[in-house]
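Only heavy atoms go into these numbers, but all of them, side chains included; no hydrogens, no water, no symmetry mates. Residue numbering restarts at 1 for every chain, and letters A, B, ... go by the order of the sequence lines.
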2 protein chains.
Amino acid sequence: MREGEHVVFVVDDDARIREALGELLASHGIEASTFGSARAYIEAPKPDVPACLVLDVELPDINGLDLQRQIADGDHPPIVFITGHGDIPSSVRAIKHGALDFLTKPFSEADLMAAIHAALALDRATRSARAELGVLKQRYLDLTPRERDVLPLVVSGLLNKQAAAELGISEVTLQIHRRNVMQKMAAASLADLVRIAERLEIPITRSRRQGGNAT
Amino acid sequence: MREGEHVVFVVDDDARIREALGELLASHGIEASTFGSARAYIEAPKPDVPACLVLDVELPDINGLDLQRQIADGDHPPIVFITGHGDIPSSVRAIKHGALDFLTKPFSEADLMAAIHAALALDRATRSARAELGVLKQRYLDLTPRERDVLPLVVSGLLNKQAAAELGISEVTLQIHRRNVMQKMAAASLADLVRIAERLEIPITRSRRQGGNAT
DNA sequence: GCGCACCTCATGGAAATCCATGCATCGCAA
DNA sequence: TTGCGATGCATGGATTTCCATGAGGTGCGC
């Protein structure tokens with residue numbers, strides 16, 4: 001493992017815990033970044049590497065579970081909760097909302113490290129998938145408005161002629177747009193384009209063409 | 001809500017609980033089917049309707065969590081755990097393995113009913129998706145072996161000519177297979193066929209065609 | 001004003017697809 | 001044995017797509 005390949009954020013109001021976890025992680029060759037409060041974590045700049053958030057449920061400013069909800073809609077690393085006074089409803093809520101694990105003190109080092117390794121692996125996969133999708137999204141943004149009109153029609157399976165009629169333009173013009181879309185989206189074939197559109201969740205406009213197109 | 005539209009399975013060794021839950025559900029117009037042991041539940045015939053499994057963790061024969069694992073690979077209704085002596089690790093494990101909720105006695109009727117309603121809604125959606133996929137799978141099974149050879153090549157974006165070369169047959173023959181595949185899979189267009197293949201998780205055989213096909 | 005990006009259209013030829021008709025072989029089951 | 005389904009191939013025409021070339025109009029920013 002290379003250094004700086006990943007980082008573990010530790011948020012706990014108990015300085016002894018922070019120190020202990022920092023050392024534990026260091027002994028496993030994992031870089032740790034510790035915070036004494038949720039606020040401190042939120043405001044800190046995060047390096048752009050696979051990460052994991054080890055989060056105490058009981059915090060002075062913002063409850064750990066609330067913090068989880070606050071960052072739920074953004075991109076955030078997998079969360080491993082630790083707590084000294086956990087209860088079942090909290091643990092259920094945490095896991096239901098996507099937390100990777102929920103450990104009660106005292107927990108074994110092995111359990112924690114297992115959870116952390118799983119979290120890091122998950123984040124690597126998630127980040128990789130997100131990056132791939134990001135590339136597609138960027139390409140989509142590079143399309144002109146008209147090209148964005150054409151894309152859904154094409155991947156819906158319409159003939160060029162039909163798609164052109166839909167937009168009220170000539171078939172030739174549509175072909176040009178279609179061709180530009182293929183190039184900009186880096187699609188090697190129509191099949192490719194369809195799969196890309198699927199991943200971008202581009203809605204299809206009721207397909208027609210071939211087979212039982214009777215009214 | 002029509003009768004028999006859904007059913008809730010209750011597995012608990014305490015007859016009083018079974019009776020109480022049965023009545024509670026009945027008062028909400030929901031049919032209940034109760035069992036005193038995991039074995040009894042496993043062996044019972046299940047009606048083919050949206051369902052939900054309310055499962056006690058502590059059971060005489062098989063632990064509720066073990067039962068969850070046993071039925072994990074098959075199609076089974078969403079599970080709502082209830083327990084009198086739950087612990088956090090169990091609740092975490094249960095939810096991580098897909099349980100919809102984990103309630104500790106005493107729980108409010110409202111909480112239980114909310115969980116049950118959510119579970120039934122989820123199962124309806126799951127069953128609907130499964131049924132749709134089942135139709136596609138059946139159509140796929142209706143393909144001849146050769147047609148199953150052709151499908152992945154076509155949805156990979158290969159030209160008929162290329163796909164034919166791949167199989168060592170003439171382009172004409174391949175076109176016939178391709179046409180049959182489209183009809184049997186009820187795909188209105190190539191775009192449709194690609195999406196169907198995606199849902200069936202048919203692997204693509206390295207696409208080529210168009211754009212930078214220089215060696 | 002000028003350039004540039006975008007949208008539009010036409011022509012024409014090459015390539016590919018779609019479709020129908022006809023036919024042959026093989027293997028298996030009624 | 002007869003029949004059927006699966007597989008294979010050919011011809012030919014209609015349709016569609018692919019691609020290149022050429023060209024006009026609009027709107028926006030420098």
Side-chain angles (χ1 to χ4, degrees), chain A residues 138-197 204-205 207-214, chain B residues 138-197 204-205 207-214:
Chain A
Q138 185 54 54
R139 287 180 187 153
Y140 180 72
L141 290 178
D142 286 342
L143 296 182
T144 68
R146 207 47 161 168
E147 284 161 359
R148 274 195 278 273
D149 290 338
V150 169
L151 177 52
L153 299 176
V154 168
V155 299
S156 292
L158 296 183
L159 295 181
N160 289 342
K161 184 190 300 185
Q162 295 171 319
E166 201 77 32
L167 295 177
I169 61 177
S170 96
E171 190 180 340
V172 200
T173 304
L174 185 128
Q175 282 174 11
I176 293 171
H177 290 314
R178 177 189 171 134
R179 187 165 157 47
N180 290 338
V181 170
M182 296 276 292
Q183 280 194 338
K184 288 189 184 177
M185 298 304 292
S189 62
L190 174 59
D192 252 19
L193 192 64
V194 171
R195 277 184 287 266
I196 290 171
I204 64 173
T205 67
S207 168
R208 311 175 194 176
R209 184 188 195 183
Q210 295 177 23
N213 51 342
Chain B
Q138 185 52 53
R139 288 180 187 154
Y140 180 71
L141 291 177
D142 286 341
L143 297 182
T144 68
R146 206 47 162 167
E147 285 161 358
R148 273 195 280 271
D149 290 339
V150 169
L151 176 51
L153 299 177
V154 168
V155 298
S156 292
L158 295 183
L159 297 180
N160 288 342
K161 185 191 298 185
Q162 295 172 318
E166 201 77 33
L167 296 177
I169 60 178
S170 96
E171 192 181 338
V172 200
T173 305
L174 184 127
Q175 281 174 10
I176 295 171
H177 289 314
R178 177 188 171 134
R179 186 164 158 46
N180 290 337
V181 169
M182 296 274 292
Q183 281 195 337
K184 289 189 183 177
M185 298 304 291
S189 63
L190 174 59
D192 253 19
L193 192 64
V194 171
R195 276 185 287 266
I196 290 171
I204 65 172
T205 67
S207 168
R208 309 175 195 177
R209 184 189 196 184
Q210 295 177 26
N213 52 341

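Residues Arg146(B) and Thr173(B) are not in side-chain contact: their nearest non-hydrogen atoms beyond the backbone lie 4.5 Å or more apart. Asp149(B) places none of its side-chain heavy atoms less than 4.5 Å from the side chain of Glu166(B). Contact check for Leu193(A) versus Leu151(A): side-chain heavy atoms found under the 4.5 Å cut-off.
Taking the nucleotide of DNA chain D with the nearest heavy atom to each of Ser170(B) and Val172(A), the more 5' of the two is matched to Ser170(B).
Atoms CZ and CG, from Arg148(B) and Leu141(B) in turn, are 6.5 Å apart once rounded to the nearest 0.5 Å. Leu167(B) contributes atom CG, which lies 12.0 Å from atom CD of Gln162(B) (distance to the nearest 0.5 angstrom). Expressed to the nearest 0.5 Å, how far CG of Leu174(A) lies from CG of Leu153(A) amounts to 7.5 Å.
By the 4.0 Å N-to-carboxylate-O rule, Arg139(B) lies too far from Asp142(B) to be salt-bridged with it.
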DNA chain C in dot-bracket form (Watson-Crick or G-U pairs under 3.5 Å, [ ] crossing, | inter-strand) is ||||||||||||||||||||||||||||||

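Note on Arg179(B): every side-chain N or O is 4.0 Å or more away from OP1 and OP2 of dT17(C). Between dG5(D) and Thr144(B), no contact under 4.0 Å exists linking OP1 or OP2 to a side-chain N or O. Side-chain N/O atoms of Thr173(A) include one lying less than 4.0 angstrom from OP1 or OP2 on dC9(C). Asn160(A) has a side-chain polar atom (N or O) that falls below the 4.0 Å cut-off from OP1 or OP2 of dT17(D). Taking side-chain N and O atoms only, Arg146(A) has a distance below 4.0 Å to OP1 or OP2 of dT8(C). Checking the phosphate oxygens (OP1, OP2) of dA16(C), a side-chain nitrogen or oxygen of Lys161(B) falls inside 4.0 Å. OP1 and OP2 of dA6(D) both lie 4.0 Å or more from every side-chain N or O belonging to His177(B).
The separation between Leu190(A) atom CG and dT17(C) atom P is 12 Å, rounded to whole Å. In this structure, Gln183(A) atom CD and dC18(D) atom P are separated by 12 Å, rounded to whole Å. Gln175(B) places its CD atom 9 Å from the C1' atom of dC19(C), with the value rounded to the nearest Å. As rounded to whole Å, 5 Å separates atom P of dT8(C) from atom CD1 of Ile169(A). What separates CD1 of Ile176(B) from C1' of dC19(C) is a distance of 10 Å, to the nearest Å. Between Leu159(A) atom CG and dA14(D) atom P the separation is 18 Å, expressed in whole Å. Atoms CD (Glu171(A)) and P (dC19(D)) sit 15 Å apart, rounded to a whole Å. The distance from atom CG of Leu193(B) to atom P of dC18(C) is 11 Å, rounded to the nearest whole Å.
Nearest approach of Thr205(A) to Ser156(A), heavy atoms of both residues: N-OG, 2.8 Å. Counting all heavy atoms, side chain and backbone alike, Gly157(B) lies closest to Ser189(A) at CA-OG, 3.5 Å.
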Ignoring hydrogens and angles, write down the donor-acceptor pairs under 3.5 Å from the side chains of residues 176-183 of chain A, residues two or more places apart or on other chains.
{"from": "Arg178(A)", "atom 1": "NH1", "to": "Asn160(A)", "atom 2": "OD1", "distance (Å)": "2.6"}
{"from": "Asn180(A)", "atom 1": "ND2", "to": "Ile176(A)", "atom 2": "O", "distance (Å)": "3.4"}

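Of the residues in residues 147-154 of chain B, not one places a heavy atom less than 4.0 Å from an atom of DNA chain D.
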